[in-house]
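Remarks on the structure that follows.
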Amino acid sequence: MLDLKVIRRDPDAARTALARRGADDAAVLDRVLELDARRRELLPEIEGLRAEQNAANQAIGRAQKAAKDGTGSQGAADAAIAAMREVAARVKTLQQELNDVDDTLDATTKRLANLPHPDAPAQDTVVREVGDATIDGLGLRARAAADGGAPFTPAAEALDHLTIAGPDRVDMERGARLSGSRFAYLRGDLVFVEMALVQWALHKLRGHGHEAVVPPVLVREQALYGTGFLPDTEQQLYALPEDDLYLVGTSEVALASMHAGEILDAATLPRRYAGFSPCFRREAGAAGASDRGIFRVHQFDKVEMFCFVPPEDAEAEHQRLLGIEEEILGELGIPYRVVDIAVDDLGASAARKFDCEAWLPSQQTYRELTSTSNTTEHQARRLGIRIRDDRSDPPRRPEPLATLNGTAIAVGRTIIALLEHGLQDDGSVVMPPCLVPFGAPAVLPPAAA
RNA sequence: GGAGCGUUGGCCGAGUGGCUUAAGGCGCUCGCCUGCUAAGCGAGUUGGGGGUUUGAAGCUCCCUCGGGGGUUCGAAUCCCCCACGCUCCGCCA
């Protein structure tokens with residue numbers, strides 16, 4: 001949500017910035033300005049009448065008391081009450097209109113997307129590529145083998161993850177039988193790979209100052225409006241209308257909402273979290289996509305980073321999150337590239353977004369594995385999260401802070417990349433050495449014939 | 001699922017229609033006083049939105065007793081809906 005005062009002062013700047021997103025936000029913006037103007041017409045009128053009421057009500061109270069004491073007449077009070085009746089009716093009418101204007105203004109303002117960062121590019125832009133686009137791109141597992149880890153001889157030919165894992169470990173057929181397409185059972189070894197990935201990531205993130213969180217995944221509509229997923233991505237959301245709850249598509253929703261309505265002491269910032277939760281996405285409209293296996297499913301587990309920082313620190317924090325994502329991919333030995341996402345492809349809340357795309361040998365292309373967004377004050381304003389700086393002089397009013405999110409581990413997709421990059425000629429898969437202490441097998445046996 | 005009781009300022013807590021425009025206390029901030037500290041005295045201490053202003057400060061008005069609506073000249077107080085919390089019963093991994 002944008003700051004009304006800022007829009008009011010310089011509507012053209014907001015208009016220009018929103019236009020870069022390519023949406024029809026200009027009309028919405030004009031509507032906001034119009035409603036804001038009407039609101040500021042109504043307010044002084046109502047407030048004047050209310051001041052009149054407040055004064056009269058005190059006088060009535062005194063007069064009635066005097067009448068009771070016998071020191072005054074009831075007539076004076078009755079006359080004042082009669083006079084106020086009219087004022088009360090007028091206030092009621094105006095108040096009704098003001099309420100309508102407020103409601104519409106609020107709903108309309110919430111439709112506006114965040115202002116994009118000036119540096120957000122017009123087209124997706126590759127920032128850098130790390131590792132070779134080959135089967136063991138970074139050569140990390142080969143190097144680890146030389147250091148005494150499991151020996152590793154990369155397969156000569158790439159295979160996709162379903163072939164490598166086999167139906168005993170990624171069971172799409174039974175998943176579909178149970179729940180429909182895009183659902184899978186993850187079984188056997190791969191469960192321990194998932195647990196190791198999660199444990200490893202949470203430990204790493206704790207070292208980076210992120211507190212581990214397992215959040216609720218069923219949330220009220222309010223949380224989705226607050227994080228900017230509504231109105232915007234309704235067709236992506238699973239809803240439970242019986243209970244007025246939604247399944248979250250990412251723990252970002254729950255993590256951002258953790259401090260909703262709070263005023264945080266500036267001295268306690270930054271606040272950094274690492275959420276672990278399942279994520280649910282309807283993937284409506286993705287029906288034609290030809291992804292095999294667990295690349296795009298309706299339910300997957302994810303470790304998500306989330307940060308609350310002072311607005312002036314947001315950009316540095318964004319780079320920090322990107323740095324952690326790259327560190328993770330690097331240690332897992334997954335070659336990747338960083339893409340600066342095009343301004344018209346940003347979510348409603350994001351001012352800027354970087355994706356890390358992993359090289360998938362079986363597809364001979366880069367695919368999105370992680371993503372980090374700087375949502376500036378957009379979510380904080382919608383969720384009512386503010387910062388109080390007791391150290392500032394003169395003291396300032398509480399102000400919105402900035403929030404940022406980033407994927408640490410999207411489990412399913414990470415497993416895909418690990419399988420493809422760890423594949424050896426005999427069909428076995430070498431796991432990154434960093435996961436082994438956390439319970440991953442050093443080597444996954446070949447899929448059963 | 002059923003029944004009951006609750007939600008007041010940073011915290012505790014009084015308050016059943018009108019000088020309560022929220023008592024009192026604690027905490028905190030500032031000042032005074034006091035060898036230091038403590039105590040004492042005084043003042044201040046929710047958040048939001050308007051007006052004035054280039055902006056800020058200042059001044060001023062309005063709103064804010066969990067949220068929303070209603071009754072009334074007037075609501076913390078009465079009525080309705082919702083959210084949340086606690087207790088008991090039932091059910092349950």
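Labels below follow one simple rule: chain letters A, B, ... track the order of the sequence lines, proteins then strands, and each chain is numbered from 1. The analysis underlying the following values was restricted to heavy atoms, covering all of them including side chains, and did not include hydrogens, waters or symmetry mates.
Whole-Å rounding puts the A:Glu47 CD to B:rU52 P distance at 12 Å. Remark: C1' of B:rA75 and CD1 of A:Ile60 are 14 Å apart, rounded to the nearest angstrom. Atom pair A:Ile81:CD1 and B:rG18:P shows a separation of 13 Å (rounding to whole Å applied). A:Arg50 has its CZ atom 5 Å from the P atom of B:rC63, to the nearest Å. In this structure, the CD1 atom of A:Ile46 is 13 Å from the P atom of B:rC62, given to the nearest Å.
Between A:Arg220 and B:rA83 there is no side-chain N or O to OP1 or OP2 distance below 4.0 Å. Taking 4.0 angstrom as the limit, A:Arg386 places none of its side-chain polar atoms (N or O) nearer than this to OP1 or OP2 of B:rU46. Between A:Asn57 and B:rU72, a side-chain N or O to OP1/OP2 separation shorter than 4.0 Å is absent. The phosphate of B:rC62 (OP1 or OP2) has a side-chain N or O of A:Asn54 nearer than 4.0 angstrom. Distances shown here put every side-chain N or O of A:Arg40 at or beyond 4.0 Å from the OP1 or OP2 atom of B:rG50. Look at A:Arg388 and you won't find any side-chain N or O under 4.0 angstrom from OP1 or OP2 of B:rG10.
Within residues 88-101 of chain A, the residues approaching RNA chain B are A:Ala88, A:Lys92, A:Asn99, by heavy-atom distance under 4.0 Å.
Paired with A:Tyr238 under the rule side chain to side chain donor-acceptor pair (under 3.5 Å), one option of A:His298, A:Arg281, A:Gln299 passes, and it is A:His298.
Proximity note for A:Leu43 (side chain, C-beta onward) versus B:rG47, B:rG49, B:rC62: the nearest is B:rG49.
In summary, the aromatic rings of A:Phe354 and A:His318 are positioned with their centroids under 6.0 Å apart.
Using a 4.0 Å heavy-atom cutoff across all strands shown, A:Ala56 reaches no nucleic acid atom at all.
Ring planes of A:Phe308 and A:Tyr273: perpendicular class, angle over 60° (limits at 30 and 60°).
Formation of a donor-acceptor pair under 3.5 Å by the A:Thr403 side chain with backbone atoms of A:Gln379 is not found in this model. Counting only distance, with no hydrogens or angles, the side chain of A:Thr125 and the backbone of A:Gln123 share a donor-acceptor pair below 3.5 Å. In this structure a side-chain-to-backbone donor-acceptor pair under 3.5 Å is missing from A:Arg388 to A:Ala266.
Pair check for B:rG1 finds B:rC89; Watson-Crick or G-U wobble, both atom distances under 3.5 Å.
At a cut-off of 3.5 angstrom, counting only N and O atoms as typed in the model, there is no donor on one side facing an acceptor on the other between the side-chain of A:Gln53 and the base of B:rG74.
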